[in-house]
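Accompanying notes for the structure given below.
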2 protein chains.
Amino acid sequence: MPDLPRPTDAELEILTVLWSRGPSTVRAVHDVIAQRRPAQYTTILKLMQIMAEKRLVRRDEEQRAHVYEASRPREWTQRQLAGDLLDRAFAGSAAELMMGALAARKASKKELAEIRRMLDQLEEGR
Amino acid sequence: MPDLPRPTDAELEILTVLWSRGPSTVRAVHDVIAQRRPAQYTTILKLMQIMAEKRLVRRDEEQRAHVYEASRPREWTQRQLAGDLLDRAFAGSAAELMMGALAARKASKKELAEIRRMLDQLEEGR
DNA sequence: TTGACACGACGAAGAGCTTCGTAGTAATGT
DNA sequence: ACATTACTACGAAGCTCTTCGTCGTGTCAA
């Protein structure tokens with residue numbers, strides 16, 4: 001399984017749309033993005049074409065309106081990004097990353113409980 | 001307190017050196033970085049000059065060899081970066097970011113315990 | 001004092017990212 | 001059939017990032 005380049009900001013925005021919508025046309029992705037910020041159709045098209053070259057997405061050309069799909073599931077890419085940031089900014093310390101994340105956006109009680117549950121599960125498995 | 005642009009990869013590498021060493025000359029930063037990868041002195045110099053323009057670092061020109069210092073403490077920048085990634089890739093879910101981080105680089109038992117301690121402290125404070 | 005060295009300033013090249021306009025062509029409706 | 005619309009492909013501009021070489025000048029030792 002060859003690894004992929006880290007997606008840029010604009011690319012990541014497109015990936016999030018593909019993850020939430022599933023396989024989509026450029027039109028559909030553009031409509032979602034244009035709703036939150038100005039963006040020309042051809043800009044999104046070009047980005048998605050480049051992403052296909054980079055293998056960040058797969059393209060089905062069966063239909064005239066090509067259908068794009070993220071080539072990796074959300075969890076996989078999230079893992080890459082988290083690991084990357086961990087190495088580059090947190091010297092590998094997951095605890096510090098946790099600190100940073102919780103300080104940045106205060107999490108709900110529900111979320112904190114979920115994190116605990118995750119930790120339990122992790123230690124059980126060992 | 002004006003906010004700062006997100007540091008690029010090369011800039012972040014320099015910041016980590018400044019955080020760990022404290023105020024340093026270009027020479028000192030270069031020596032650290034050149035130890036792990038090929039890098040010309042003037043490349044590091046140029047980067048640090050640009051970082052000064054961007055206000056990512058402060059420069060003391062008293063001595064002939066200027067002394068550079070990160071303009072924000074490590075924790076502050078880490079918080080920015082974690083929050084940024086949280087928004088861009090994790091839809092704001094700290095739990096998922098945690099998931100990603102722990103899946104990416106398995107943490108030690110000690111580290112997991114530390115994370116728990118942090119959670120405890122967070123909930124107490126409320 | 002003069003030669004060797006150290007340092008900052010600067011320009012520029014090459015790559016990547018992001019944006020958009022234009023052109024060509026297929027599909028659709030009147 | 002013909003005009004309009006929808007779609008892809010492509011090129012290019014403008015910007016940022018990263019790299020490096022060169023220049024001018026200050027510093028220091030022999």
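Protein chains get the first letters and strands the later ones, always in sequence-line order, with residue 1 at the start of each.
The phosphate of dC28(D) has neither OP1 nor OP2 within less than 4.0 Å of any side-chain N or O from Arg64(B). Residue Arg27(A) has a polar side-chain atom (N or O) positioned under 4.0 Å from OP1 or OP2 of dC7(D). Applying the 4.0 Å criterion to OP1 and OP2 of dC10(D), one finds that Gln49(A) has every side-chain N and O outside that range.
The interatomic distance linking Glu13(B) (CD) with dC17(D) (P) rounds to 16 Å, in whole Å. When rounded to the nearest whole Å, the span between CG of Leu47(A) and P of dG11(D) equals 17 Å. Rounded to whole Å, the distance from CD1 on Ile50(B) to P on dC17(D) is 8 Å. Here dA6(D) presents its P atom at 10 Å from OH of Tyr41(A), a figure rounded to the nearest Å. Rounded to an integer number of Å, the gap from Ile44(B) CD1 to dT18(D) C1' is 10 Å.
Taking a heavy-atom distance under 4.0 Å as the criterion, the stretch of DNA chain C touched by chain B extends 5' to 3' from dA6(C) to dA12(C).
To the nearest 0.5 angstrom, Glu13(A) atom CD is 10.5 Å from Leu15(A) atom CG. Here NZ of Lys110(B) is found 11.5 Å from CG of Leu112(B). Values are rounded to the nearest 0.5 Å.
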Requested in this report: Take Glu69(A) and Asp60(A), measure what side chain to side chain contact (heavy atoms under 4.5 Å, CB included) needs, and give me the verdict at the end.
Outcome: CA-CA 8 Å; Glu69(A) 181 181 7; Asp60(A) 176 1; over 6 Å; no
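At the heavy-atom level, Arg6(B) lies nowhere under 4.0 Å from the strands shown. Using a 4.0 Å heavy-atom cutoff across all strands shown, Thr8(A) reaches sugar-phosphate atoms only and no base atom.
Closest-nucleotide positions on DNA chain D for Ala65(A) and Ala10(B) were compared, and the one nearer the 5' end corresponds to Ala65(A).
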